[in-house]
A.B. asks: 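I have a structure here, written as structure tokens, and I will follow up with some questions on it.
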Amino acid sequence: MSYVTHLECAACAKHYAAGELHNLCECGGPLLVRYDLGAVKRSWPRDAVSDGPSSMWRYAPILPVRDRSHIVSLGEGMTPLVHARRLGKQLGADQVWVKDEGINPTGSFKARGLSCAISMGCELGVRKFAIPSAGNAASAMAAYAAAAGLEAHIFMPRDVPQSNYIECKAFGAHVTLVEGLISDCGKMVAARKDAEGWFDVSTLKEPYRIEGKKTMGLEVAEQFGWELPDAIFYPAGGGVGMIGMWKAFGEMEALGWIGPKRPKMICVQAAGCAPIVKAFEEGKPRSEFWDNASTVASGLRVPKALGDFLVLNAVRESGGTAVAVSDADMLDAGVELATLEGMFAAPEGAACVAALKKLLRDGFLKPSDRVVLYNTGSGLKYLEAYSVRFPRAAAGEQDKLGGLITPR
């Protein structure tokens with residue numbers, strides 16, 4: 001089923017055998033899955049893609065699972081690509097599209113990566129998984145581990161959105177709430193994993209979550225008739241989705257499915273935690289740890305991404321840029337998107353709307369450019385964040401906007 005040849009370190013290019021459990025390279029770099037794309041090209045024509053299931057597993061020949069029986073799927077992928085006409089008109093742009101990942105299982109794009117990682121864990125004999133998470137990855141891992149009948153051990157900051165905590169508990173996961181950030185959670189997983197027998201599925205510390213997330217790039221190409229857009233806006237915490245899409249574009253070109261054209265890759269971060277934006281502006285190859293990280297977009301509260309150098313490479317090679325957005329602007333943009341298009345986006349996705357406004361205003365993008373904004377999750381998972389825009393009236397008070405009066 002799969003054409004995997006080996007794993008390759010993204011930092012030093014050392015090769016590792018496929019079909020074995022690996023985390024990082026001995027140099028500390030993340031491992032990437034490599035395929036025999038020549039064999040894929042000969043046996044799997046582009047026209048055959050549509051014969052596959054209506055999920056990300058339609059791209060199975062360039063995903064790492066060898067035995068189809070090991071796939072753990074809840075129907076992730078093939079999310080809608082919505083032409084946001086009213087938003088575009090408001091912004092003065094003709095071709096604004098939103099790739100809505102919020103309708104994935106567990107309400108976020110994390111379903112893609114964790115479906116692939118848990119599937120590979122099943123294939124390689126893993127029984128216990130551990131993850132540090134800002135929220136949505138934990139929910140996804142808990143769901144897929146539950147579907148596979150496996151153990152999930154989750155470490156999350158204590159102030160994650162309530163929805164994430166409740167989901168994980170409902171899925172039967174072992175949840176530890178941590179005073180601190182995702183980086184502190186990661187240290188706890190690293191310290192205990194060997195003694196506990198956990199397989200660590202931290203962001204980019206295993207090779208397979210990126211393979212699930214690369215399907216976002218495969219899908220957008222297929223949905224546009226195998227022609228890539230002019231620009232892609234992606235909210236980057238760990239940045240794996242951008243890294244995965246960039247990898248997918250290279251693989252598709254090698255298969256002859258697309259040409260050399262690439263979208264401008266635009267990395268969007270929160271002003272209260274923007275290490276990659278800072279590194280981009282300073283011309284550095286890697287970011288520095290961001291002290292006192294703070295933002296309502298919990299998925300963007302990642303003070304130091306392991307794959308930051310890969311995100312920066314994609315941004316620079318594509319002629320893209322990196323933009324930081326304030327919490328106030330992303331919440332306002334989320335309300336605007338909901339009002340105009342009927343899509344309730346996570347603050348991370350809403351940040352892309354705010355970033356688009358800035359780059360249109362600055363002339364970085366033309367009004368005629370076809371741009372895709374990735375909404376990485378459902379706004380329903382961030383009700384605490386949006387409640388500052390829509391506080392309920394206190395008992396006995398009248399809501400002047402809605403005319404609500406508490407019954408006597």
Side-chain angles (χ1 to χ4, degrees), residues 1-4 7 18-23 31 33 35 49 52-79 101-133 135-155 164 167-175 189 193 196-216 218-219 238 240-241 244 248 376-378:
M1 179 179 169
S2 178
Y3 292 81
V4 176
L7 307 178
E20 301 175 1
L21 281 177
H22 298 285
N23 283 112
L31 300 179
V33 181
Y35 301 85
V49 172
S54 186
S55 75
M56 75 174 197
W57 293 100
R58 70 201 283 112
Y59 308 111
I62 46 175
L63 291 174
V65 178
R66 295 180 184 275
D67 183 343
R68 188 179 297 273
S69 69
H70 293 138
I71 292 176
V72 183
S73 176
L74 297 171
E76 56 290 324
M78 287 312 293
T79 55
E101 293 292 294
I103 69 165
N104 271 303
T106 73
S108 85
F109 75 125
K110 298 289 187 179
R112 296 177 185 266
L114 272 304
S115 172
C116 194
I118 298 296
S119 296
M120 283 303 298
C122 287
E123 186 155 277
L124 298 176
V126 176
R127 303 300 302 171
K128 301 177 182 180
F129 296 84
I131 192 170
S133 171
N136 282 327
S139 302
M141 191 187 84
Y144 286 92
L150 303 173
E151 285 187 23
H153 297 266
I154 288 164
F155 293 78
N164 295 130
E167 279 180 299
C168 292
K169 294 295 289 184
F171 290 132
H174 304 273
V175 181
V189 171
K193 65 178 184 176
E196 299 284 356
W198 299 337
F199 183 63
D200 183 0
V201 289
S202 302
T203 302
L204 276 184
K205 288 188 178 179
E206 55 76 48
Y208 303 115
R209 286 174 63 183
I210 188 174
E211 293 302 292
K213 290 184 181 178
K214 83 179 182 186
T215 61
M216 291 189 292
L218 293 162
E219 281 179 22
V240 178
T376 49
S378 169

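Just so you know, residue 1 is the first one in the sequence shown, and it goes up from there. Computed from a prediction, not measured in an experiment: that's the story for all the values here.
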A.B. asks: So, for A117 and E206, which heavy atoms are closest and what is the spacing to 0.1 Å?
C.D. replies: CB-OE1, 4.0 Å
A.B. asks: Grab the two heavy atoms, one from E76 and one from P105, that are nearest each other, plus how far apart they are.
C.D. replies: CA-CD, 3.7 Å
A.B. asks: As a quick check of understanding, evaluate side chain to side chain contact (heavy atoms under 4.5 Å, CB included) for I62 and Y3, giving each step before the final call.
C.D. replies: CA-CA 7 Å; I62 46 175; Y3 292 81; over 6 Å; no
A.B. asks: Please identify which of these residues, T203, V240, L31, meets the side chain to side chain contact (heavy atoms under 4.5 Å, CB included) condition with I210.
C.D. replies: V240
A.B. asks: Minimum heavy-atom separation for M78 and S54, please, with both atom names.
C.D. replies: CG-C, 3.7 Å
A.B. asks: Nearest 0.5 Å please: distance from the CD1 atom of I154 over to the OG atom of S133.
C.D. replies: 7.5 Å
A.B. asks: Is there a side-chain contact between Y35 and E211 in this structure, where contact means two heavy atoms from C-beta onward sitting under 4.5 Å apart?
C.D. replies: yes
A.B. asks: Can you find a heavy atom in the side chain of W57 that is under 4.5 Å from one in the side chain of V65?
C.D. replies: yes
A.B. asks: Taking atom CG of L74 and atom OH of Y144, what is their separation to the nearest 0.5 Å?
C.D. replies: 4.0 Å
A.B. asks: To check you understand the geometry: which heavy-atom pair defines the closest contact between S139 and N164, and what is its length?
C.D. replies: OG-ND2, 3.1 Å
A.B. asks: Donor-acceptor pair, N23 side chain versus K205 backbone, under 3.5 Å?
C.D. replies: yes
A.B. asks: Quick one: NZ on K193 to CD1 on I131, what's the gap to the nearest 0.5 Å?
C.D. replies: 13.0 Å
A.B. asks: What do the steps show when you test E101 against T79 for side chain to side chain donor-acceptor pair (under 3.5 Å), and what is the final call?
C.D. replies: CA-CA 6 Å; E101 293 292 294; T79 55; 2.5 Å; yes
A.B. asks: With rounding to the nearest 0.5 angstrom, report the OG to CG distance, S55 to N104.
C.D. replies: 10.5 Å
A.B. asks: Any chance you could lay out the side chain to side chain contact (heavy atoms under 4.5 Å, CB included) test for R209 and L204, step after step, and finish with the verdict?
C.D. replies: CA-CA 7 Å; R209 286 174 63 183; L204 276 184; over 6 Å; no
A.B. asks: Ignoring hydrogens and geometry, is there a side-chain-to-backbone donor-acceptor pair from S119 to V72 under 3.5 Å?
C.D. replies: yes
A.B. asks: Apply the test side chain to side chain contact (heavy atoms under 4.5 Å, CB included) to residues L114 and F129: give CA-CA distance (whole Å), side-chain angles for both, the deciding distance (0.1 Å), then the verdict.
C.D. replies: CA-CA 11 Å; L114 272 304; F129 296 84; over 6 Å; no
A.B. asks: Starting at CZ of F199, measure out to CZ of R127 and round the result to the nearest 0.5 Å.
C.D. replies: 15.0 Å
A.B. asks: Which atoms form the tightest heavy-atom contact between R66 and A18, and what is the distance?
C.D. replies: NH2-CB, 3.7 Å
A.B. asks: Test side chain to side chain contact (heavy atoms under 4.5 Å, CB included) on M56 and S115 and set out the steps.
C.D. replies: CA-CA 10 Å; M56 75 174 197; S115 172; 3.8 Å; yes
A.B. asks: Would you mind reporting whether Y208 and L124 have side-chain heavy atoms less than 4.5 Å apart?
C.D. replies: yes
A.B. asks: Can you see which heavy atom on T215 is nearest to which on L63, and at what distance?
C.D. replies: CG2-CD2, 4.1 Å
A.B. asks: Just to verify, which of R112, K213, K214 counts as forming a salt bridge (charged side-chain N to carboxylate O under 4.0 Å, His left out) with E219?
C.D. replies: R112
A.B. asks: What's the separation between atom CE in M141 and atom CZ in F171, rounded to the nearest 0.5 Å?
C.D. replies: 12.0 Å
